[in-house]
Amino acid sequence: MLKDLTVDQVHFVALLANAARAQRDALLGNVAEDDLAKELNPARGEHNPTAALGFDPLPSSASQTAALREAIATLSPMARSELYTLVRIGQGDLAAKNWHRGLSEASLLGDETIAAAIVEDADLHDHLMKALYEAELAS
């Protein structure tokens, strides 16, 4: 399944994403989700009202997001495509058995677009961990 990307690299990116998320949440003041959205949560899909913000509340020079961007930038284009495919699996948009379809989508989108999509995912850590489990790559 993974050819250019290693599970250790996925764990490293996930760790950086978790740290960036913590930095973002601290900036937002760790407001309870109930205070942000009084509407009913959908039965399926995203339940975090701040997820749409991504890492936008943080300045681009914030240490954690800068480290995350750098880690993703140092990956080869194929490794970024594999990481993007894992993110899509973790989001529930793609089944692990359709790995080849995720790589095809990534090639159509282009390297800059997939790198931006990865970095903008505030729940990147959770999506990567879920994807590793779904793809039976969790250690």
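Starting from 1, each residue takes its place in the sequence as its number. Computed from a predicted structure; not experimentally measured. These numbers come from the heavy atoms of this one structure, side chains and all, not from hydrogens, waters or symmetry mates.
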Please tell me whether [X] and [Y] are part of a single hydrophobic cluster in this structure, the criterion being side-chain heavy atoms less than 4.5 Å apart.
X: L128; Y: W99; result: yes
X: Y133; Y: V13; result: no
X: L75; Y: L103; result: yes
X: L124; Y: L15; result: no

To the nearest 0.5 Å, what is the distance between [atom1] ([X]) and [atom2] ([Y])?
X: E70; Y: T65; atom1: CD; atom2: OG1; value: 11.5 Å
X: I114; Y: E82; atom1: CD1; atom2: CD; value: 10.0 Å
X: S76; Y: Q9; atom1: OG; atom2: CD; value: 8.0 Å

[X] to [Y] - nearest heavy-atom pair and separation:
X: A17; Y: L68; value: N-CD1, 4.0 Å
X: A135; Y: M1; value: CB-SD, 3.5 Å
X: M129; Y: A14; value: CE-CB, 3.6 Å

Subject >> Step-by-step side-chain contact (heavy atoms from CB on, under 4.5 Å) determination, D8 to F12 >> reply: CA-CA 6 Å; D8 287 339; F12 181 66; over 6 Å; no

Side-chain donor/acceptor pairs under 3.5 Å, residues 89-98, sequence neighbours excluded:
from: Q91; atom 1: NE2; to: D121; atom 2: OD2; distance (Å): 3.4
from: D93; atom 1: OD2; to: R88; atom 2: NH1; distance (Å): 3.1

**OP:** Run the salt-bridge test on R80 and D4 with the 4.0 Å N-O cut-off and return the result as yes or no.
**Re:** no

Original post:
Under the criterion side-chain contact (heavy atoms from CB on, under 4.5 Å), which of T113, I72, L86 is the partner of I118?
Top reply: I72

